[in-house]
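Before any comments, here is the structure.
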Amino acid sequence: MGKQAKTAIEPTREENYPEWYQEVIKASDMAEISPVRGCMVIKPWGYALWENIMRSLDDMFKTTGVKNAYFPLFIPINFLEKEAAHVEGFAKECAVVTHHRLEQDENGRLIPAGKLTEPLIVRPTSETIIGDSFSKWVKSYRDLPILINQWANVVRWEMRTRIFLRTSEFLWQEGHTVHATREEAIDRTQMMLEVYRKMAEEYLAIPVITGEKSEAEKFPGAETTTCIEAMMQDRKALQAGTSHFLGQNFARASEIKFQSDKEAEEYGWTTSWGSSTRLIGGLIMTHSDDNGVILPPRVASSHVVLMPIIRKDKDKQMVMDYTDELAARLRNISYYGYPIRVEVDARDIGGARNWEWIKKGIPLRVEIGPKDIASDSVFVGRRDKDPKDKSAMGKDAFADDICRILDEIQNTLFQRALDYRKAHTRNIDDKEAFDHFFTPENKERPEIHGGFAMSHWCGDGACEKKIKERLNVTVRCIPYDQENEDGKCIECGKPSGKRVVFAKAY
RNA sequence: CGGGACGUGGCUCAGUCUGGUAGAGCACAGCGUUCGGGACGCUGGGGUCGCAGGUUCAAAUCCUGCCGUCCCGACCA
């Protein structure tokens with residue numbers, strides 16, 4: 001009769017969202033903070049999720065003709081210097097390597113010796129180092145387009161870190177392309193944004209708004225930055241992927257030039273696009289509840305856990321055989337081209353076993369005991385339903401139906417998230433209503449409030465800045481999917497032809 | 001980097017004000033009883049009290065510095 005909490009995670013989302021987030025991750029065993037400031041250890045349950053995300057994205061990239069390559073972790077400082085806006089954007093958060101040797105002092109302490117004549121930065125992003133290679137690879141229009149992606153770690157020395165959402169080191173992919181024409185580069189930017197939208201919505205079950213960033217929010221050095229924006233359960237916006245049209249800015253900086261079919265020397269048109277382990281943070285904050293993580297089946301670390309229930313020693317062999325046989329059968333089933341991922345958990349640790357898997361977010365939990373076996377059935381719990389809501393199914397029916405059930409869970413999660421976003425998205429045309437929307441009732445301990453305000457904006461950075469200073473609300477994106485509509489800027493009242501998404505952001 | 005809170009077994013915390021043998025619950029291991037159940041009993045393992053100095057006969061406790069975590073801000077995927 002232990003002290004049984006109402007929810008597996010404390011505090012609840014309502015009570016303290018940021019702390020809930022930390023606790024959910026801890027309880028799921030996906031990752032932990034490391035002894036290194038701002039860095040995380042991604043544990044197997046979290047890394048499996050990342051592997052599935054990587055695999056799906058990688059397949060999609062390759063379908064569009066992109067090939068993988070790898071570029072150095074270290075970048076000479078003068079490479080970064082080449083693009084002015086880029087310098088301004090990244091210089092402050094660069095980790096710098098200044099020495100190449102350690103020597104022991106009299107106390108046995110290791111002291112950096114061997115100062116580098118040219119310090120190196122640890123890549124915060126790779127436009128410049130990849131641009132250097134591209135400048136050598138591109139001679140003629142016949143060499144174009146160049147379509148490259150790398151899976152890598154990057155370092156941005158952030159002031160404030162949050163596991164998965166903003167860590168000093170994080171894992172990501174960065175795609176870099178060069179094209180002969182502006183139009184082709186813009187097409188590529190859009191194409192990759194669509195890959196991210198698809199990844200978010202169809203795999204992670206995170207509904208997103210696609211659009212363009214404002215001048216203030218765009219990538220340093222980009223001509224335009226496009227993005228996917230999602231609403232978390234605290235109603236803040238999370239940028240979950242970006243695709244940049246870089247114009248000729250980086251081509252000029254890195255001397256990416258080619259001979260056109262008209263025999264003229266021209267600068268290439270480049271793009272870059274990235275998504276990171278932040279997606280995992282977004283997934284957690286979109287779907288998880290007060291009992292822990294909920295993983296969408298298409299990227300879930302595992303799909304189903306089989307939990308044999310063994311009451312008496314004499315049953316043990318029989319129950320285990322039945323379980324192992326079902327595990328093998330399920331592993332032979334293909335779900336979107338890959339085998340069903342099955343865990344068998346035979347630990348005798350009581351109900352804690354069941355709750356562990358709930359907190360880890362596995363889509364399906366299956367209990368298998370002598371009673372079930374007698375009727376050739378299994379006892380199934382779904383993570384998109386209440387923990388107590390479990391039901392018996394014929395074993396064959398379960399195996400035959402598992403893909404459909406997983407899809408059902410996938411769809412439920414997406415629909416739930418979409419409904420939530422819709423419920424907290426408003427068209428707001430009145431400044432007072434706008435301010436009220438973004439102001440918590442309780443200023444001391446702000447409750448979950450606000451959401452996405454679809455409001456008119458004149459496009460002036462000054463208005464954007466005023467709103468940010470007053471409410472800490474920014475233009476998250478200028479959505480593509482909307483009709484042009486005349487209105488007045490929510491801040492200054494000047495005419496505007498479009499609504500934009502205003503929200504507090506991660 | 002500014003403001004605030006905090007740092008004691010894996011986790012949550014007591015002990016700090018008033019210096020005097022490091023504690024509890026949960027978790028973990030063993031045995032037993034239970035169990036379609038986030039069980040119960042007994043036994044046991046595990047902590048140089050974030051780090052480094054200082055004061056003192058004596059420091060988790062007092063002083064100084066540093067490091068880290070969380071929250072709010074500035075910055076950002």
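Every chain is numbered from 1 and lettered A, B, ... according to where its sequence line falls, protein lines coming before strand lines.
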For the side chain of [X], counting heavy atoms from C-beta on, which of [options] is nearest?
| X | options | value |
| --- | --- | --- |
| A/Arg160 | B/C72, B/C70, B/A77 | B/C72 |
| A/Arg162 | B/C71, B/G73, B/A77 | B/C71 |
| A/Lys468 | B/C75, B/C71, B/G38 | B/C75 |
| A/Met159 | B/G38, B/C1, B/C71 | B/C1 |
| A/Asn472 | B/G73, B/A77, B/C70 | B/G73 |

Nearest-Å distance, [atom1] ([X]) to [atom2] ([N])?
| X | N | atom1 | atom2 | value |
| --- | --- | --- | --- | --- |
| A/Leu165 | B/C71 | CG | C1' | 15 Å |
| A/Lys312 | B/G36 | NZ | P | 10 Å |
| A/Lys359 | B/A27 | NZ | P | 11 Å |
| A/Tyr506 | B/G73 | OH | C1' | 16 Å |

Please tabulate, one pair per line, all N/O donor-acceptor pairs under 3.5 Å involving side-chain atoms of residues 319-327 of chain A, not counting sequence neighbours.
residue	atom	partner	partner atom	Å
A/Asp321	OD1	A/Gln317	NE2	3.1
A/Tyr322	OH	A/Asp376	OD1	2.6
A/Thr323	OG1	A/Val319	O	2.8

Using a 4.0 Å heavy-atom cut-off, does [X] contact any base of the nucleic acid, only the sugar-phosphate backbone, or nothing at all?
| X | answer |
| --- | --- |
| A/Gly274 | nothing |
| A/Glu158 | base |
| A/Gly381 | nothing |
| A/Leu279 | nothing |
| A/Phe219 | nothing |
| A/Arg37 | sugar-phosphate |
| A/Ser276 | base |
| A/Thr474 | nothing |

Checking side chain to side chain contact (heavy atoms under 4.5 Å, CB included) between A/Val304 and each of A/Val344, A/Ile402, A/Val380, which is the one that passes?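 Among the candidates, only A/Ile402 passes.
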Counting only non-hydrogen atoms, which of residues 363-379 of chain A are less than 4.0 Å from RNA chain B? A/Glu367, A/Gly369, A/Pro370, A/Lys371, A/Asp372, A/Phe379
Would you indicate, yes or no, if B/A27 has its OP1 or OP2 atom less than 4.0 angstrom from a side-chain nitrogen or oxygen of A/Lys26? no
Filter on side chain to side chain donor-acceptor pair (under 3.5 Å), then keep only pairs touching residues 81-91 of chain A, sequence neighbours left out; what's left? none
Taking the [atom1] atom in each of [N] and [M], what is the distance between them to the nearest angstrom?
| N | M | atom1 | value |
| --- | --- | --- | --- |
| B/U61 | B/G50 | C1' | 15 Å |
| B/A60 | B/A22 | C1' | 8 Å |
| B/U16 | B/G54 | P | 26 Å |
| B/U34 | B/G41 | C1' | 11 Å |
| B/U55 | B/C13 | P | 34 Å |

Testing the basics here: between A/Phe452 and A/Ala237, what is the closest heavy-atom pair and its distance to 0.1 Å? CE1-CB, 3.7 Å
Nucleotide paired to B/G19 in any strand shown, Watson-Crick or G-U, under 3.5 Å: none
Measure up the A/Phe219 and A/His244 rings against each other and bin them: parallel (under 30°), tilted (30 to 60°), perpendicular (over 60°).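 Taking A/His244 first and then A/Phe219, their aromatic rings lie parallel (interplane angle under 30°).
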4.5 Å side-chain heavy-atom contact, A/Met393 and A/Ser377: no
Does A/Ser276 reach the side chain of A/Leu171, with side-chain heavy atoms less than 4.5 Å apart?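 They are not in side-chain contact.
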Select from A/Phe90 and A/Val36 the residue whose nearest nucleotide in RNA chain B is closer to the 5' end of that strand. A/Val36
A/Ser126 and A/Glu174: side-chain donor and acceptor closer than 3.5 Å?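 Distance-only check passes for A/Ser126 and A/Glu174.
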